[in-house]
Structures are given as structure tokens and as C-alpha cells.
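Below: one structure, written as C-alpha cells.
Values below: every heavy atom of this structure, side chains too, minus hydrogens, waters and symmetry copies. Quick caveat, the model's predicted, so the values are computed rather than measured.
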2 protein chains.
Amino acid sequence: MDQAKSPNIHHPFQQSFPTVARMPSTPITEHLAYLLAQANREINRQLDARFKKEGVPVEQWRILKVLSDGKGHSMGDLADAVLLNHPTLTKMVDRMVSDALVYRVQDPDDRRKVMMFISDRGKTLTQRLNSLALSQEAHIAENYGNKATADLKRLLESLIEKAN
Amino acid sequence: MDQAKSPNIHHPFQQSFPTVARMPSTPITEHLAYLLAQANREINRQLDARFKKEGVPVEQWRILKVLSDGKGHSMGDLADAVLLNHPTLTKMVDRMVSDALVYRVQDPDDRRKVMMFISDRGKTLTQRLNSLALSQEAHIAENYGNKATADLKRLLESLIEKAN
DNA sequence: AGGAAAATATTGAATATTCAACGATTCCCG
DNA sequence: CGGGAATCGTTGAATATTCAATATTTTCCT
């Protein structure tokens, strides 16, 4: 009866009381990093829920959106724009090529580069996703307030700018 | 010479011009979801850089910080508090148990539950991490402004609250 | 010109995360 | 009380991400 199946489980008698006064330190919920993570997670979750029926993750929407200017974008530029590192982007683009949402064209001016383009299929999907995203933004603005939303965006932009 | 080694690469002649006027739609950089992702990513990157010398990912710091109230926290509560889903938390805690930063105690009142506690080793590490995190916050407040930082935190808190 | 260094994208192995299923325990209610 | 449903945490398989190494092409320097 002593050695149960779960490893790593102590039994309760080892509670030790702190011998020195514990300096409380700020709770995690007051750190900017935590608040950003939490807000980001929540907004993303909501957006993902809306995209669910199209079966497209948020990152692919970002890629499509960047490409929907119709110009070619190199993988490097795209990676920066959509906040993905290079290998992750390569693999995600592979999937999108399989789904015929985007295609690769070798840049004739610099043959190291690959220019990404959006396909017609990608464009029509993007439109559907955009309207889902817009409806989410509207929903946020609705019960969070237009002013708060605008203020928040402005502050975030400024933070990002300063952080670089 | 026709069939090169790279698959999926079209050659440039297939550029098609849009036949209908393209509605520009808002750029990705103006979406709240994108701004949050970008800010979160950047702040996290900076924090991770500071934690680098301790070799601890941000998530572990969050776990340690929550546990440093000295009370026991169930895995479920912890998962909510540190924004990780259950299996991910279980595996991260496994590593932290190996590193003797935390330990598990079976809850005697509800034997389905496991209560997590921080070890002494975990506590001293937490102190070092806290001071790194504080110095980051100070650095942010410094060239972003105390007011902006406070405003941003307030807005984020309110967004999170509304979103639930 | 020629060769070292830098830039670009991809690959493969190692690592991490997620999803679904499970085992154990407790709760609920007839 | 008894047994089905709910809760809690973990596991294993599938999937995704990351790190380091690679191949290719271009740039730079002398």
C-alpha cells in the first residue's frame, strides 16, 4: 500500500511553514506580460471559434490577408508580417499550397527568394474570413466601447513601436 | 531543365490581373487581434531573453509565481491561472518536479485532486525571476511612460473582464 | 574575376502542444 | 444504498513548432 502507481506524489505530512516573512511581491495578474497574454489568448480564442466553420487557423487568415494586396511577398517578409518564424511559415504555406489557397513563384530578380501569391480560391475565402473578423471587432466594440477600443489600439501600437 | 527539384514553384508567367475592383479591406495591422498578438509576442520575447540565463520559460515563472503564496493549488486551478491547458501543464509540471522546483501532494479531501506546492529551491529561483521581471517592467515604464503603462493595463483588464 | 561572407528558404531531428481516450474518484439522485 | 454522470488529472498518439544544419544564390571585398 505504500508504493502507489502515481510517481512524484508526496503525502501531506511534509507541509513546511515558512520560516522567514514572505515578501508578497506583485501578483502575476498585475504584470503587463500576463495581461497581454491573457487578452491575446481570449481574443484569439473567440476569433478561432468564428473561423471554425471555415476550418482555418488565425495564422492562415493573417497570411491570406497580407497576400490579398495581390502583390508578391517573399517568405521572409511574410514571416515578419504574420509573426511566424521561418520554418513554421514554410510548413504552414505547404499546407496552404495543398489547399490551393496560395502559390509560390520563384523571384526572377533574386533566385534565392520565393514570392508568395494568393489564388482566386484564397481570395474568396479571405472575403468570408474578413467578414467574420469584422463581425468580431464589431462585437468587441459593442460591449467594450468604441473609445476604449480605439484607445487600446493606440496604446498597443505605441507600445510596439517603442519596443522595437 | 523543366522539372526542377523544388515542388510547388510556378514560373512567373501566370500573374493574373484582378478583373474586378479590389475592395482594400482593413490591413491586418489595424486589427485588435493582431496588435495584441504582436505586443504579446514582443514583450514575451524580451522577458524570455532576461530569463535566458536562468533557463526558465515564462510559463514556468507564472507557475512558480502563483504557487509562491505557499498554499496548495490544484492542477485545474493552476491551469486556469497560468493560461495553459491541462495536458500541457501536466507535462510542464513533470519537468519542474524533476528540477525540484515544485512538488505534488495528493489532496486528502478529494483524492482526484493533486495539490501543487513550491519547494524551497523554487522559492529562491522565483525571487531571482521576479527581480528580472520587475526590471523589465521598469524598463518598459521608462521609455513608454508611466501613464501609458497604467492606462494600457487598465484597458486590458477591462477587455478581459468584458470578454468573459 | 574569385572566393569568402551574407541572405534566403527549406529540411530533418528534437521538442512541445494538443486532442481524444482513459482511470480514478466523487457527486447526484432515485 | 447503488449506479450512472460528472470531475480531475494523466497518458499516448497525432500534430505542430523550433533549433540547427543545409543548399542555393547573391553580395561584397580585394
Between Arg128(A) and Glu54(A), does any side-chain N to carboxylate O distance fall below 4.0 Å?
yes
Let me check something: do Leu64(B) and Val114(B) share a hydrophobic cluster, defined by ILVMFWY side-chain heavy atoms less than 4.5 Å apart, either directly or through other members?
yes
Once side-chain hydrogen bond (donor to acceptor under 3.5 Å, both in side chains) is applied, do any residues pair with Lys53(A), and if so which ones, sequence neighbours excluded?
none
When every non-hydrogen atom of Ser74(A) is compared with those of Lys113(A), the smallest separation belongs to CB-CD, 4.3 Å
ILVMFWY network linking Val93(A) to Leu83(A), side-chain heavy atoms under 4.5 angstrom
yes
Would you say the side chains of Asn146(A) and Thr149(A) form a donor-acceptor pair under 3.5 Å?
no
Would you please confirm or rule out a distance under 4.0 Å between OP1 or OP2 of dT17(C) and any side-chain N or O of Arg95(B)?
yes
Within residues 76-90 of chain B, the residues having a heavy atom closer than 4.0 Å to DNA chain D are Gly76(B), His86(B), Pro87(B), Thr90(B)
Per-helix bend value, the helix from dA1(C)-dT30(D) to dG30(C)-dC1(D), C1' rotation axes over five pairs per end, 10° rounding, shows 30°
Is Arg111(A) near enough to dT25(D) that one of its side-chain N or O atoms lies under 4.0 angstrom from OP1 or OP2?
yes
Output yes when at least one side-chain N/O atom of Arg112(B) is less than 4.0 Å from OP1 or OP2 of dC27(C), else no.
no
Considering only heavy atoms and no angle criterion, is a donor-acceptor pair shorter than 3.5 Å present between the side chain of Lys91(B) and the base of dT15(C)?
no
First encountered from the 5' end of DNA chain D, between Glu59(A) and Met75(B)
Met75(B)
How are the rings of Phe117(B) and Tyr103(B) set relative to one another: parallel (under 30°), tilted (30 to 60°) or perpendicular (over 60°)?
parallel
